[in-house]
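The structure appears below as structure tokens.
The model shown is predicted, which means the values in this text are computed figures rather than measured ones.
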Amino acid sequence: MGASSTDELLKSNSSQKERYSKHVHDNVHGNIYLDPVFWLCNSLTLKSFRGKLRDLKQLGLSHLVYPGAVHSRFEHSLGVYWLAGTAVQTLKDYQGLELDIDDIDIQTVKLAGLLHDVGHGPFSHMFEREFLPRVLSGSNWTHEDMSLKMIDYIVDQHYIDIDSGRLNRVKSAKEKQFLYDIVANGRNGIDVDKKTSFNTSFVHRLMETMRVMGDEICYRAKDYLTVYKLFSARADLHRTVYTHAKVKAIELMLVDALLEANEHLGISSSIQQPAEFWKLDDTIINAILADPRPELKKARDIILRVRRRQLYQFCNEYSVPKAKQEHFKGITAQDIVCSQDYCSDVKFLIDKEERISHLLPTFCQDMIVRVYAKEPHLVEAVSDAFENFQMKTYGEKTQVHSTPEKKKRRR
């Protein structure tokens, strides 16, 4: 069994895109046109591709706090595909001869945008940052590396006849690094993957004026405020949406549920087998709830607590002082427990830079430490120990305010 070669389709004239392509309507970008090569992939793989990504929420568990945050990684990937195509076409229009950008380069960048998230596990980044480190100590697994494996799996599983050299260009760019930076820019973080959550008018403004200099995508100096707004807007979304206190509480609970179910469902072992990983998505919650085995009762109970809104209680948080961030070490529950008996009567002032936020024009990243109590009656003890830990570690309380007495008294 085989498929017709994609190479000829890759060479199709981009000026005829609307005549020979299909389109999907997107709420943000309008009509997104899919070139013939991607409809070849559609007939063989896109049904399973979109099935996988449609069952992965782009914003993880944020929709359980913000009901509108329900778009999937499939929708996101279509947006990245479209913006990647627009960006590389803009560079070709202005510097095509200088940079030797051809139609194959354009299709390669667009395909990379479409497939860049196929390596994600359930619940956005929670799977790799919170769950896997708890079950695979020292693991350096990343969704980016898994995406590369999944691309190979898609090609092999569906017998897609694509030149290996072309495929390698999709996975990484050893030449023309700026093409790879369009989708995943490890040099300055400005890429179309990040821009999908940004104001579309600002995005197009940046893309219309960007140029490549020394194999690196550059922007006009006068656009520095637009670039700053991109980072500032993304930081604001992280603080107020992605890491909202209740969102993180739900994440902690789902991590505990997955840990309870892991041995019985082989969740973590799936990362070694692309065929099994392909089946792993956000519906794992329903699989746990539907499994009647007694061994999964603890996992089921935790998920039911989430559904009943019996969440872990947020006690307090503090922002790690910038001077301490370079040598910051992960804090464990045991660190807080061991601080219960520490006493101090030192008074302190709230300095807005260190205590409230670091989101100043020169710094768009916070390092926040939060503590939760799994049961309401533990809030007071945990909060007091948390304050003691700050005094013991930094010589002062770095949190902005104390945990409300009303919350402490809950039983």
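- The closest side-chain heavy-atom distance from Leu254 to Ile302 is not below 4.5 Å.
- The two residues Asp215 and Arg187 come nearest to each other via the heavy atoms O-NH2, 2.7 Å.
- Residues Tyr66 and His244 are in side-chain contact: their nearest non-hydrogen atoms beyond the backbone lie under 4.5 Å apart.
- Aromatic pair Tyr318/Tyr394: centroids less than 6.0 angstrom apart.
- Remark: Lys110 NZ to Leu34 CG distance equals 8.0 Å, nearest 0.5 Å.
- Around the OH atom of Tyr94, the shell of radius 6.0 Å holds no more than 12 heavy atoms that belong to other residues, nucleotides or ligands.
- Annotation: side chain of Val109 is in contact with side chain of Val183 (closest heavy-atom distance under 4.5 Å).
- Asp256 places a side-chain heavy atom less than 4.5 Å from the side chain of Lys374.
- The existence of a salt bridge linking Lys194 and Asp191 is confirmed by a sub-4.0 Å separation between a basic side-chain nitrogen and an acidic carboxylate oxygen.
- Minimum heavy-atom separation, Ala257 to Ala299: O-CB, 3.4 Å.
- Ionic pairing of Arg205 and Glu208 is not present here: no N-O contact between side-chain nitrogen and carboxylate oxygen is shorter than 4.0 angstrom.
- No more than 12 heavy atoms of other residues, nucleotides or ligands lie within 6.0 Å of CZ in Arg307, so this atom counts as exposed by the packing criterion.
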Stepwise side-chain contact (heavy atoms from CB on, under 4.5 Å) check, Ile217 with Ile190: CA-CA 9 Å; Ile217 296 175; Ile190 305 175; over 6 Å; no

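- Ion pairing between a basic and an acidic side chain is recognised when a charged N comes within 4.0 Å of a carboxylate O; Lys57 and Asp282 show no such pairing.
- Taking 4.5 Å as the limit, every side-chain heavy atom of Leu148 sits out of range of all side-chain heavy atoms of Asp152.
- Taking the charged nitrogens against the carboxylate oxygens, Asp301 and Lys297 do have a contact shorter than 4.0 Å, which makes a salt bridge.
- Side-chain contact between Leu83 and Val203: present, with at least one pair of heavy atoms (C-beta onward) separated by less than 4.5 Å.
- The pair Arg73-Asp55 fails the salt-bridge criterion, with no side-chain N (NZ, NE, NH1 or NH2) lying under 4.0 Å from an Asp/Glu carboxylate O.
- Atom CG of Leu136 is separated from atom CD1 of Ile271 by 5.0 Å, given to the nearest 0.5 angstrom.
- By the 4.0 Å N-to-carboxylate-O rule, Lys92 lies close enough to Asp103 to be salt-bridged with it.
- The shortest non-hydrogen separation linking Leu91 to Arg211 is CD2-CA, 4.3 Å.
- For the atom pair OG1 of Thr393 and CD1 of Ile331, the computed distance is 6.5 Å after rounding to the nearest 0.5 Å.
- Ring centroid separation for the pair Phe127 and Phe123 does not come in under the 6.0 Å cut-off.
- Taking CE of Met210 as the reference point, atom CD of Glu216 lies at 13.0 Å (rounded to 0.5 Å).
- Between Arg305 and Glu375, at least one side-chain nitrogen of the basic residue sits less than 4.0 Å from a carboxylate oxygen of the acidic one, meeting the salt-bridge criterion.
- Between Lys408 and Asp384 there is a salt bridge, since a side-chain N of the basic residue sits under 4.0 Å from a carboxylate O of the acidic one.
- Expressed to the nearest 0.5 Å, how far CD1 of Ile288 lies from CG of Leu296 amounts to 7.0 Å.
- For the residue pair Tyr180 / Asn185, no side-chain donor-acceptor distance below 3.5 Å is found, with atom types taken as modelled.
- Here Gln399 contributes atom CD and Gln390 contributes atom CD; the two are 4.0 Å apart, rounded to the nearest 0.5 Å.
- Remark: Arg220 engages Asp223 in a salt bridge, criterion side-chain N to carboxylate O under 4.0 Å.
- For the residue pair Ser339 and Lys392, a side-chain donor N or O sits within less than 3.5 Å of a side-chain acceptor on the partner.
- For CG of Asn286, the number of neighbouring non-hydrogen atoms (other residues, nucleotides, ligands) closer than 6.0 Å is greater than 12.
- Judged by distance alone, the side chains of His76 and Asp193 do bring a donor and an acceptor atom under 3.5 Å apart.
- Val88 is listed as a side-chain neighbour of Leu179, based on a closest heavy-atom distance under 4.5 Å.
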Residue pair Asp93, Thr90: steps toward the side-chain hydrogen bond (donor to acceptor under 3.5 Å, both in side chains) verdict: CA-CA 5 Å; Asp93 291 343; Thr90 299; 5.4 Å; no

Met213 and Cys218: CA distance, side-chain angles, deciding distance, side-chain contact (heavy atoms from CB on, under 4.5 Å) verdict: CA-CA 7 Å; Met213 302 175 65; Cys218 302; 4.0 Å; yes

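- Note on ring orientation: taking the six-membered ring where Trp is involved, the planes of Trp82 and Tyr33 are tilted (angle from 30° to 60°).
- Under the 3.5 Å distance criterion, with hydrogens and angles disregarded, no donor-acceptor pair is assigned to the side chains of His264 and Glu295.
- A pairwise comparison of heavy atoms in Phe178 and Ile101 identifies CE1-CD1, 4.0 Å as the closest pair.
- Counting only heavy atoms from C-beta outward, the side chains of Arg54 and His71 never approach each other to under 4.5 Å.
- Side-chain contact annotation: Ser383 with Asn316, donor-acceptor N/O pair under 3.5 Å absent.
- Leu56 and Gly121 get closest at one heavy-atom pair: CD2-O, 3.4 Å.
- A salt bridge is defined here as a Lys NZ or Arg NE, NH1 or NH2 lying under 4.0 Å from an Asp or Glu carboxylate O, and Glu317 with Arg239 meets this definition.
- Taking a 6.0 Å sphere around CD of Gln310, one finds it holds more than 12 heavy atoms contributed by other residues, nucleotides or ligands.
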